[in-house]
Amino acid sequence: MKKLITVGVTMLAALSLTACASGSSSKKSGSNEKASSVNSSSAAKSSSKKASSSSKKAANGASIPTTADKEWFVKDNVFYAGNETMTFTKSEVRDGLDSGTKVLVIYTTIRNNSGKEQDPSNFYMVLHAKQKNDTSNVSLDPGMLGLDDNGNSPLQTYEDNLNNSLLPGKTVTAVLEYELKNTNPVTLEISNDSFDTIGTKTYQVQ
């Protein structure tokens with residue numbers, strides 16, 4: 001019963017990202033980058049300066065839809081998902097909340113392409129981070145960062161942006177956080193509204 005409820009919730013969340021597209025692209029896209037290592041909150045401020053307020057062009061100059069009626073696709077660092085577009089900007093490794101743990105932080109910008117408020121955290125339903133150990137390719141859980149001197153997460157604003165309702169036509173900077181199992185590369189699998197993988201990004205965390 002629990003499994004059926006979980007599947008149902010996952011499908012509803014993915015549908016909330018979906019607009020009126022008749023189908024999704026089956027082409028797969030992949031990229032590889034190295035995550036920087038950060039042990040304090042000092043480097044967090046620079047990410048917002050680099051993130052543009054609106055994603056209208058991909059790195060290669062190709063146009064990115066700003067409406068919700070196109071097929072889902074992954075191109076370069078852009079994941080267009082109908083109602084919302086996620087652009088991957090940078091990544092880093094930070095200390096986790098529990099002693100000795102590390103968290104992969106992926107910085108993004110998220111744009112609401114629709115005419116209604118959207119929940120950016122729904123991206124977690126179609127993004128799956130995996131890391132190999134000695135025997136398996138393990139799905140990573142969302143991570144929690146170590147707290148600063150004031151008892152707050154150093155990236156609290158970006159975490160809030162992922163969980164707050166995003167107004168129509170607006171763009172915010174947000175972070176995805178995954179607790180690492182080891183120092184092996186992390187593969188982020190990107191799925192469409194049918195839960196088929198349409199792209200991957202690989203992050204080197206050593």
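Heads up: numbering here begins at 1 and tracks the sequence.
To the nearest 0.5 Å, the span separating CG on Asp69 from CG on Asn83 amounts to 10.0 Å. Separation of atoms CG (Leu176) and CG (Leu188) is listed at 7.0 Å; rounding is to 0.5 Å. Here the straight-line distance linking atom OG1 of Thr183 with atom CD of Gln206 works out to 4.0 Å at 0.5 Å rounding. Note: Thr85 OG1 to Trp72 CH2 = 10.5 Å, rounded to the nearest 0.5 Å. Here the CD1 atom belonging to Ile106 is positioned 4.5 Å from the CG atom belonging to Leu104, to the nearest 0.5 angstrom.
With sequence neighbours left out, the ring pair (Phe, Tyr, Trp, His ring centres under 6.0 Å) criterion links Tyr203 to no other residue. Take Asn150 and apply the side-chain contact (heavy atoms from CB on, under 4.5 Å) test, not counting sequence neighbours, and it matches Asp148, Asn152. Applying the side-chain hydrogen bond (donor to acceptor under 3.5 Å, both in side chains) rule to Ser191 yields no partners; only residues at least two apart in sequence or on another chain are considered.
For the residue pair Tyr178/Gln131, the side-chain donor-acceptor check at 3.5 Å is not satisfied. A donor atom on one side chain and an acceptor atom on the other are found under 3.5 Å apart for Asn112 and Ser114.
Salt bridge Glu189/Lys130: present, at least one basic N to carboxylate O contact under 4.0 Å.
Looking only at side-chain heavy atoms (C-beta outward), Thr87 and Phe79 stay at 4.5 Å or farther from each other.
Proximity of a side-chain donor or acceptor of Thr108 to a complementary backbone N or O of Ala174 within less than 3.5 Å is detected.
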